[in-house]
*Asks:* 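I have a structure I would like to understand better, so I am pasting it below and will then ask my questions one at a time.
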Amino acid sequence: MSAPFWIIHLPTRLTTLDDATALAVALRDSLGHLTTIDFGETTLSEEDVQFLRHRVWCDTPLDNGVRCHRPTEHRGQCGGFHDAA
């Protein structure tokens with residue numbers, strides 16, 4: 001049996017979903033090289049409504065072993081990090 005993974009809950013002073021999403025994108029862009037962080041599973045929630053989470057990325061598995069890095073509910077085909085737009 002493997003050890004459990006840990007989740008880091010990182011409160012912010014941001015007041016809109018768009019601003020929180022922009023921060024999540026900036027964190028992925030700057031720390032995406034770290035294999036210890038699973039950015040595909042990133043979710044956002046309001047401070048007092050943490051049971052209602054908003055996914056940031058699609059994260060669908062792709063044929064080449066990576067996951068889709070496009071936003072949740074994107075239009076068109078899934079794509080990897082360099083395809084994301």
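Scope of the values below: all heavy atoms of this structure, side chains included, with no hydrogens, waters or symmetry mates.
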*Asks:* Rounded to the nearest 0.5 Å, what separates atom OG1 in T21 from atom CG in L44?
*Replies:* 5.0 Å

*Asks:* Is there a path of hydrophobic side-chain contacts, each under 4.5 Å between heavy atoms, that joins L34 and L27?
*Replies:*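 Looking at the clustering, L27 is in the same group as L34.
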
*Asks:* Enumerate the salt bridge (charged side-chain N to carboxylate O under 4.0 Å, His left out) contacts for residues 33-48, please, sequence neighbours excluded, ordered by first and then second residue.
*Replies:* E41-R55

*Asks:* Please report the shortest heavy-atom distance between T42 and A24, naming the atom on each side.
*Replies:*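 The pair with the smallest heavy-atom distance is CG2-CB, 4.1 Å.
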
*Asks:* What are the two closest heavy atoms between H74 and C78, and how far apart are they?
*Replies:* NE2-SG, 3.5 Å

*Asks:* Working to the nearest 0.5 angstrom, can you tell me the gap between L62 CG and C68 SG?
*Replies:*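 Interatomic distance, L62 CG to C68 SG, rounded to 0.5 Å: 6.0 Å.
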
*Asks:* Please find the pair of heavy atoms, one from H9 and one from R53, that lie closest to each other, and give the distance.
*Replies:*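 Looking at all heavy atoms of both residues, the closest pair is CE1-NH2, 3.9 Å.
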
*Asks:* Please indicate whether I7 has more than 12 foreign heavy atoms, meaning atoms of other residues, nucleotides or ligands, lying under 6.0 Å from its CD1.
*Replies:*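 Counting neighbours around CD1 of I7, 12 or fewer heavy atoms of other residues, nucleotides or ligands fall under 6.0 Å, so no.
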
*Asks:* With rounding to the nearest 0.5 Å, note down the distance linking OG1 in T36 to CZ in F5.
*Replies:*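 Between T36 OG1 and F5 CZ, I get 10.5 Å after rounding to 0.5 Å.
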
*Asks:* Taking all non-hydrogen atoms of both residues, which atom of W57 and which atom of R28 are closest, and how far apart?
*Replies:* NE1-NH1, 2.6 Å

*Asks:* Within the distance-only criterion (no hydrogens, no angle test), does the side chain of R67 pair as donor or acceptor with the backbone N or O of C58 below 3.5 angstrom?
*Replies:* no

*Asks:* Taking the side chain as everything from C-beta on, heavy atoms only, tell me whether S45 gets closer than 4.5 Å to L52.
*Replies:* no

*Asks:* Side-chain heavy atoms nearer than 4.5 Å, only ILVMFWY residues, links allowed to pass through others: does that put F39 and L14 together?
*Replies:* yes

